[in-house]
Amino acid sequence: MGYQWLQIDNISYEDNRMRIKINDFMMSYQEKGSGIPLLLIHGFPLNSDIWQTQLKGLAEVARVITPDLRGHGESQPVSGVYSMDLLARDCASLLDSLNINQPVVVGGLSMGGYVTLAFYHLFAKRVRGLMLIATRAVSDSPEAQANRDKMSAQAREQGSGAIAEAMLPKMLAPKTLVNNPILVEQAKKIMESTSVDGIIGDLMGMKSRPDSTPMLPKINIRTLIIHGKDDTLISMKEAEAMHSAIPHSQLQLINNSGHLLNMEQPEIFNNAVRKFLQSL
Ligand code: MLT
């Protein structure tokens with residue numbers, strides 16, 4: 001794919017991202033810190049760069065690992081449907097390749113939250129704690145499914161830039177959009193860099209994802225649910241519904257933040273994660 005790899009065993013290094021052969025593609029990821037492994041999974045149509053302030057701010061308390069899902073960031077694009085199970089299996093393979101056998105804390109934002117729930121469903125024994133960030137448990141309504149098809153067609157015809165343009169107003173709180181041009185630009189750049197294969201793979205995977213609601217009462221580990229009060233993409237009600245259904249869950253609602261709450265309020269977000277890790 002035109003990448004320049006420096007290959008050492010099956011791990012390759014370039015800039016601060018590392019790359020490793022996972023299943024049928026080259027996956028890139030970022031990693032910092034030591035301690036309990038903390039796997040953070042990005043949402044649609046984003047990449048591991050959304051976790052920059054977590055890589056820096058949580059490295060003292062955890063081994064923070066942030067993959068670029070297939071087709072995102074610097075991970076190779078692969079065509080096909082990216083089911084949430086497939087993405088969860090990619091993350092598990094990354095942990096295997098890093099020889100991480102002990103239980104990990106898994107957190108995911110939005111689509112990353114769907115992948116987190118799939119990861120728990122598939123590999124409950126590997127999970128020490130869950131973080132469900134700006135996400136929901138329910139599957140797509142017929143209307144949402146029709147929108148996935150429309151957006152896929154748009155990605156195919158107009159490319160990633162058009163998708164970034166369409167998603168940007170929903171990614172950040174209305175106030176952030178006006179007051180924080182640097183963050184706006186950063187979010188836009190991240191989305192524009194996602195491959196068309198990645199965008200379509202995600203959309204088709206999200207469209208067909210199962211309803212995770214029946215699993216929620218069976219989650220028997222501590223779960224932190226975090227949501228921005230100004231999230232216009234996924235309503236706070238979804239977070240409250242998950243909190244009611246998951247027995248060992250705590251809910252933290254964050255003021256002045258939208259969908260990308262970890263970027264909009266990094267200090268508050270990181271403090272919540274630190275406290276959660278200490279409680280495990
Ligand atoms: C995300 O932010 O990951 C997605 O927009 C979630 C979704 O579309 O369901």
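One-based numbering, in listed order, for ligands and for the atoms of each.
- Looking at ligand 1, you won't find any N or O of M171 less than 3.5 Å from one of its N or O atoms.
- For ligand 1 and M111, the ligand atoms under 4.0 Å from any heavy atom of the residue are 1 (C), 3 (O).
- Remark: minimum distance from atom 1 (C) of ligand 1 to any protein heavy atom is reached at S110 OG, 2.7 Å.
- Contacts between H259 and ligand 1, counted as non-hydrogen atom pairs separated by less than 4.0 Å, involve the side chain only.
- M242 is listed as a side-chain neighbour of T135, based on a closest heavy-atom distance under 4.5 Å.
- For the residue pair D211 / T213, a side-chain donor-acceptor distance below 3.5 Å is found, with atom types taken as modelled.
- Scanning the protein heavy atoms around atom 5 (O) of ligand 1, the nearest turns out to be L233 CD2, 3.4 Å.
- Checked by atom type, the side-chain pair Q30/D49 shows a donor-acceptor distance below 3.5 Å.
- Nearest protein neighbour of atom 9 (O) of ligand 1, counting heavy atoms only, is Y114 OH, 2.5 Å.
- Using a 3.5 Å distance cut-off with no hydrogens or angles, the side chains of S79 and D197 do not pair a donor with an acceptor.
- Set against the non-hydrogen atoms of M167, the atoms of ligand 1 under 4.0 Å away are 5 (O).
- Residue-level proximity to ligand 1 for R136 is carried by the side chain, the only part with a heavy atom below 4.0 angstrom.
- The two residues D230 and P174 make their nearest non-hydrogen contact at O-CD, 4.1 Å.
- One distance of note links CE of M263 with CG of L172; it measures 8.0 Å at 0.5 Å rounding.
- Contacts between L46 and ligand 1 below 4.0 angstrom, taking non-hydrogen atoms only, are absent altogether.
- The protein atom (non-hydrogen) at minimum distance from atom 8 (O) of ligand 1 is R148 NH1, 2.8 Å.
- Within a 6.0 Å sphere centred on CD of Q102, other residues, nucleotides and ligands contribute more than 12 heavy atoms.
- Side chains of L46 and W51 form no contact here, defined as non-hydrogen atoms less than 4.5 Å apart.
- Close approach of ligand 1 to G43 (heavy-atom distance below 4.0 Å) involves ligand atoms 3 (O).
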